[in-house]
2 protein chains.
Amino acid sequence: MPPQTRMTKQRRVILEELRRVTTHPTADEVYDMVRQRLPRISLGTIYRNLDVLAESGEILKLESAGNQKRFDGNIMPHAHIRCTRCGRLGDVMNVPARIPAGGAEAEGFFITGARVEFEGVCNACEVTN
Amino acid sequence: MPPQTRMTKQRRVILEELRRVTTHPTADEVYDMVRQRLPRISLGTIYRNLDVLAESGEILKLESAGNQKRFDGNIMPHAHIRCTRCGRLGDVMNVPARIPAGGAEAEGFFITGARVEFEGVCNACEVTN
DNA sequence: GTGGCTGCAAAGGGTTTGCATATAA
DNA sequence: TTATATGCAAACCCTTTGCAGCCAC
């Protein structure tokens, strides 16, 4: 049987902080947020809990472009918009159905484009299971 | 004025190898490919040239999900599909307009989903220019 | 009580960079 | 000739991991 998980103080606070914001923080940003309530928590614990919480479906580990992974306490499927300068990730609630060539203002961003990425399992991986 | 660039042997071979394949290699995969022709090239040179070539628009640095960046010698805009197991990135030429709930076989992948990511510049970055 | 969890620190993987030398233009 | 590019190696950033002690259940 799969190992049990324990709702430690650290895990609970990480989850609370992630649900409190809509900013899709990186692991070190979560670290800063949580440290204000649990000053002795370690970055390793942050990473371990983010993985556990993503694994159990309580948060989303965002498979988005960019150097650092970002996390989302809102598990409802929704699209994101990424700032190509600073990497900030915003939620997309209302976006014009058509983005004109010059760009469009929406969601606190000047939107310049969109990208579709399909995902699946390639034949090579399907064979080797 | 911007600094001039020189078409060195290394840069030319990197570009040729990238145009020869449709596999969207990572930097270290490019390294392996190029080393067969230029055994003394260094990984640092690979990274520097991939950046220069992407900057000048001769190749694409793919802003895709995943840990490692991937590069594309085909600069025509086109969508990609990523293997969630091994990270392999394929070109999307023909995909069913509708992916059924169970998934669909296409492009050498078993496609399970798709993700849209908008991109632009956030208000904070627009202000600080 | 005990197995999962923590803090700490070291290691890991991918990428960038400083420097002396080589070379395209 | 000379500024750009190279090879090498060290540094860098983000993330993962080994370990001894701790604590949720």
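In what follows, chains are A, B, ... by sequence order, proteins preceding strands, each numbered from 1.
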Item to check | Set of residues satisfying side chain to side chain contact (heavy atoms under 4.5 Å, CB included) with respect to A:P39, sequence neighbours excluded | outcome: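 So A:P39 forms no side chain to side chain contact (heavy atoms under 4.5 Å, CB included) with any residue.
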
Item to check | Which residues share a side chain to side chain contact (heavy atoms under 4.5 Å, CB included) with B:L60, sequence neighbours left out | outcome: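 With sequence neighbours excluded, B:L60 shows a side chain to side chain contact (heavy atoms under 4.5 Å, CB included) to B:L62, B:D72, B:I75, given in chain and number order.
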
Next on the checklist: Short of 4.0 Å, heavy atom to strand atom, which residues of residues 55-75 of chain B count as contacting DNA chain C?
Outcome noted: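 Listed by number, they are B:Q68, B:K69.
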
Checklist entry - Where along residues 6-18 of chain B does a heavy atom come under 4.0 Å from DNA chain C, residue by residue in number order? => result B:R6, B:M7

List in chain and number order the residues that pass side-chain hydrogen bond (donor to acceptor under 3.5 Å, both in side chains) with [X], two or more places apart in sequence or in another chain; answer none if no residue qualifies.
X     : answer
B:R20 : B:E17
B:K61 : B:D51
B:E58 : B:S56
A:R48 : none

Next on the checklist: Considering only residues two or more places apart or on different chains, which pairs with a residue in residues 108-117 of chain B satisfy salt bridge (charged side-chain N to carboxylate O under 4.0 Å, His left out)?
Outcome noted: A:R82-B:E117, A:R115-B:E117, A:E117-B:R115, A:E119-B:R115

Item to check | Selection residues 77-123 of chain A - residue pairs positive for ring-ring contact (aromatic ring centres under 6.0 Å, His included), sequence neighbours left out | outcome: A:H24-A:H80, A:H78-A:H80

Checklist entry - Considering residues at least two apart in sequence or located in another chain, which fulfil the salt bridge (charged side-chain N to carboxylate O under 4.0 Å, His left out) criterion with B:E16? => result B:R12, B:R37

Item to check | Check ion pair A:E29-A:R70 (N to O, under 4.0 angstrom) | outcome: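 A salt bridge is present here (some side-chain N lies under 4.0 Å from a carboxylate O).
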
Checklist entry - Which of residues 23-51 of chain B sit near DNA chain D, with a heavy atom under 4.0 Å from it? => result B:R40, B:I41, B:S42, B:T45, B:R48, B:N49

